[in-house]
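What follows is one structure encoded as structure tokens, with my remarks underneath.
So you know, we letter chains A, B, ... as the sequences are listed, proteins then strands, and number each from 1.
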Amino acid sequence: MSPPSFFAESSTMQNQGQGIAPVRVKDLLSAAAPLGRVLVRGWVRTVRDHKDFAFVEVNDGSCLKNLQVVADAPSAAYDTAAALSTGAAVEVAGDMVASPGKGQDWELRAETVVLVGACPENYPLQKKRHSDEFLRSIAHLRPRTNKYGALFRIRSAMAMAIHQFLGERGFLWVHTPIITSSDCEGAGELFEVRAGSRGEDFFGKPAYLTVSGQLAVEMFCLSLGNVYTFGPAFRAEDSNTSRHAAEFWMVEPEIAFGDLAQDMDLAEALVRHLAETVLTDLAEDLSVFTRFVDKTLEATLATVAREPFARISYTEAVDILSRAMAKFQFPVEWGRDLQSEHERFLTEVHFKKPVIVHDWPLSIKPFYMRVNDDEKTVAAMDVLVPRVGEIVGGSQREERLGVLLSRMESLGMNPEDYGWYVDSRRFGSVPHAGFGLGFERLLMLVTGVTNIRDVVPYPRTPGSIEF
RNA sequence: UCCCCAGUAGCUCAGUCGGCAGAGCAGGUGGCUGUUAACCACCGUGUCCGUGGUUCGAGUCCGCGCUGGGGAGCCA
């Protein structure tokens, strides 16, 4: 049972419970023994009223299950309960007793039922399945459904698990800036930031929303040791797909004195740990997705969590794809980037589990990735997972000043624009490596949800910022 | 940004060859002694996405636009 509510004593809300501390439904339903007189607050999912009694299903968001409230007639509690409608907010006080009916262990025998907030008949959520498209149009109400309640509890738990996993391994969380000045971090179009009437004058130079905290966090890696960022990133790309959003969250660990092998080890350990966490700690919420979204989800997650990822070089990947009998729309040729269909073939058809592809052609990767001895490839790696595709992208960073400068030069970049970044290679440079894990793509992996818009509370995509 | 598909009641959808706008669910009313997305009976529901055109007549055919979805590119 969780600790008593912080608000138990200080609540200003007038309730009928005569000072009883409110209890969350999750704690009530998991109780081993009767809890006596309790107070519950939540939202009505459905009402079944009969002549002599009424059942009210109350959900307070703490867990998937509803609490069954029973009100006997004749009583004021019955009159209020029978008149409740789906969506109404209620406060119920009564005795927690073993349920004589089937389907639940406990139920709340209501002494008082208070209508906290009424809900009229034009409430959009009904006691039936709705399409994801419809629920997306009422994003402010969809967390009241079973599926999205479970989704956002899982989202919170995954974020917590990431902090815990990295924290336990000595990684420090660095809050890199949301507003940046570098206009060429090597990834995508930028959103420009303006300050009302002062415009660009506010910072004295153009400012943008960050596309990645990597360059900034590298500096802290070279001072604090192992570090990570975990926060929002923004891309102004006109991407209209189920896997892209203009605002999304990324986890970006950076390993001091680390190489590509350690980078792959950490990425694999993190993804496997998160899959295991969902399977073991979030089984109830996960069941929604196994039942209604993807019947094979648990098997897929078990494979992710418990089998080592395949690891192949880019050159080997090209070899496998060239020999594959599958017909690809796009040609496979050393030096070209892998297409979605190629990624899916590797992870879904060939290996049937997550695959790490490492050592990519230098010509298709950004300036900060470490050049290998062959001078044709860089120490980069992508983690590909079934259904989602690329979930992690990372590399060992180029720590040699001369090599970094010549890479920037050959890409037409001006090192003076990155003075602070280049400085780090001048003053006590060390090998280091890191990666970015797309948080929403991780959520798609662990829930089976196929549209990124459905794992974000209020999704932002081109032409869409309704909420 | 490109290709494809869709838009009809609050929701999910049917609507034949161009000829009076339909069903289920939700909602309302009543009934029901333990229900589980309860059940039974009865009741209401429309800018057929918008706009222009073809036609005696358009939900239906054609053009344009908007919105949503699927796929591609880019990427996390």
C1' atom, B:rC74 versus B:rG57: distance in rounded Å? 50 Å
Counterpart base for B:rG18, defined by Watson-Crick or G-U wobble contacts under 3.5 Å: none
Looking at A:Thr241, does any N or O in its side chain come under 4.0 Å of the phosphate oxygens OP1/OP2 on B:rG70? no
Does the side-chain contact (heavy atoms from CB on, under 4.5 Å) test come out yes or no for A:His432 and A:Glu254, once each step is laid out? CA-CA 7 Å; A:His432 59 291; A:Glu254 198 72 26; 3.2 Å; yes
Can you tell me, in whole Å, how much space there is between the C1' of B:rG19 and that of B:rG28? 35 Å
Applying a 3.5 Å limit to both distances, which nucleotide forms a Watson-Crick or G-U wobble pair with B:rG63? B:rU51
Under 4.0 Å, counting only non-hydrogen atoms across every strand here, what does A:Glu107 touch: a base, just sugar-phosphate, or nothing? base
Under-4.0 Å side-chain N/O to phosphate OP1/OP2 contact, A:Ser239 with B:rC74: no
Any side-chain N or O of A:Gln104 under 4.0 Å from OP1/OP2 of B:rU36? no
Please measure how far the P atom in B:rU16 lies from the corresponding atom in B:rG52, and state the result in whole Å. 25 Å
Once you round it to whole Å, what is the distance between P of B:rA38 and CD of A:Gln68? 11 Å
Select one nucleotide: of B:rG71, B:rU12, B:rU1, the one nearest the side-chain heavy atoms of A:Asn240. B:rU1
Can you identify which nucleotide, out of B:rC74, B:rG27, B:rU1, has its nearest atom closest to the A:Asp238 side chain? B:rU1
Considering only B:rG73, B:rA37, B:rG68, which nucleotide approaches the side chain of A:Arg129 most closely? B:rA37
Regarding the side chain of A:His244, the nearest nucleotide among B:rC74, B:rA38, B:rU35 is B:rC74
Going by atom types alone, do A:Asn372 and A:Thr377 pair a side-chain donor with an acceptor below 3.5 Å? yes
Toward the 5' end of RNA chain B, which comes first, A:Phe55 or A:Ile364, by nearest nucleotide? A:Phe55
Students often get this wrong, so: under 4.0 angstrom with heavy atoms, is A:Ile391 touching a base, only sugar-phosphate, or nothing? sugar-phosphate
Can you tell me which nucleotide in B:rA26, B:rG73, B:rU36 comes closest to the side chain of A:Glu57? B:rU36
Quick one: A:Leu338 CG to B:rA72 P, roughly how many Å, whole number? 14 Å
Given B:rA38, is OP1 or OP2 found less than 4.0 Å from the side-chain N or O atoms of A:Arg48? yes
Starting at atom CZ of A:Phe330, determine the distance to atom C1' of B:rC2, rounded to an integer number of angstrom. 11 Å
Check whether any side-chain nitrogen or oxygen of A:Arg136 sits under 4.0 Å from OP1 or OP2 of B:rG69, and answer yes or no. yes
Could you check whether A:Pro100 gets within reach of a base, just the sugar-phosphate, or nothing at all, counting any heavy atom under 4.0 Å? base
A:Ser340 vs B:rG73: side-chain N/O to OP1/OP2 distance below 4.0 Å: yes
Determine the Euclidean distance between corresponding C1' atoms of B:rA14 and B:rC66; express it in Å to zero decimal places. 25 Å
Using atom NZ of A:Lys102 as one end and atom C1' of B:rA38 as the other, report the distance to the nearest whole Å. 14 Å
Tell me what A:Ala54 touches on the nucleic acid: a base, only sugar-phosphate, or nothing, going by heavy atoms under 4.0 Å. nothing
Please report the distance, rounded to the nearest Å, between NZ in A:Lys127 and P in B:rU35. 16 Å
Working note: A:Tyr458 + A:His140, criterion ring pair (Phe, Tyr, Trp, His ring centres under 6.0 Å); need CA distance, chi angles, decisive distance, verdict. CA-CA 8 Å; A:Tyr458 299 102; A:His140 57 307; 8.2 Å; no
Between A:Glu390 and A:Arg243, does a salt bridge (Lys or Arg N to Asp or Glu O under 4.0 Å) hold up when you go through it step by step? CA-CA 10 Å; A:Glu390 184 182 346; A:Arg243 292 182 292 288; over 6 Å; no
Test the A:Arg169-A:Phe165 pair against the cation-pi criterion, namely NZ or CZ under 6.0 angstrom from the six-membered ring centroid and within 45° of the ring axis. yes
Sole candidate of A:Lys65, A:Arg45, A:Lys127, A:Arg48 that passes salt bridge (Lys or Arg N to Asp or Glu O under 4.0 Å) when paired with A:Glu57: A:Arg48
Quick one: look up who B:rC32 pairs with, Watson-Crick or G-U, both distances under 3.5 Å, and put none if it's unpaired. none
Expressed as a whole number of Å, how far does the P atom of B:rU36 sit from that of B:rA9? 31 Å
Sugar-phosphate only, base, or nothing, as touched by A:His130 at under 4.0 Å among non-hydrogen atoms: sugar-phosphate
Closest-nucleotide 5' rank along RNA chain B - winner of A:Trp249 and A:Pro462: A:Pro462
Starting at CD of A:Glu247 and ending at P of B:rC75, how long is that distance when rounded to a whole Å? 21 Å
Output the single nucleotide from B:rA76, B:rA72, B:rG34 whose closest atom is nearest the side chain of A:Arg243. B:rA72
Can you tell me, in whole Å, how much space there is between the C1' of B:rA38 and that of B:rU47? 38 Å
Whole-Å gap separating C1' (B:rU36) and CG (A:Asp49): 14 Å
Out of B:rG34, B:rG73, B:rC75, whichever nucleotide has its closest atom nearest the side chain of A:Glu343: B:rC75
Give me the distance, rounded to whole Å, that separates B:rG10 from B:rA26 when you measure between the C1' atoms they each carry. 7 Å
Where the side chain of A:Thr46 is defined as all heavy atoms beyond and including C-beta, which of B:rC74, B:rA38, B:rG68 is the nearest nucleotide? B:rA38
Provide the Watson-Crick or G-U wobble partner of B:rA9, both distances under 3.5 Å; none if there is no partner. none
Ring centre gap for A:Trp173 and A:Phe230 strictly below 6.0 Å: no
Verify stack between A:Phe248 ring and B:rA76 base, 5.5 Å, 30 degrees: yes
A:His358/A:Trp360 aromatic ring centres below 6.0 Å: no
From B:rA76, B:rA72, B:rG34, nucleotide with atom closest to A:Val70 side chain: B:rG34
In whole Å, measure the gap between the C1' atoms of B:rU45 and B:rU8 for me. 13 Å
Where do A:His342 and A:Phe345 land on the ring pair (Phe, Tyr, Trp, His ring centres under 6.0 Å) test, with the steps shown first? CA-CA 5 Å; A:His342 305 144; A:Phe345 179 85; 8.8 Å; no
Which label fits A:His50 and A:Phe55: parallel for a plane angle under 30°, tilted from 30 to 60°, or perpendicular past 60°? perpendicular
Counting only Watson-Crick pairs (N1-N3 plus N6-O4 or O6-N4) and G-U wobbles (N1-O2, O6-N3), all under 3.5 Å, who is the partner of B:rC2? B:rG71
Checking base pairs now: Watson-Crick or wobble, both atom distances under 3.5 Å. What partners B:rG46? none
Between B:rG69, B:rC32, B:rA76, which one does the side chain of A:Asn451 approach most closely? B:rG69
Answer yes or no: does a side-chain N or O of A:Asn66 lie under 4.0 Å from OP1 or OP2 of B:rA37? no
Rounded to whole angstroms, how far apart are CD on A:Glu189 and P on B:rA76? 14 Å
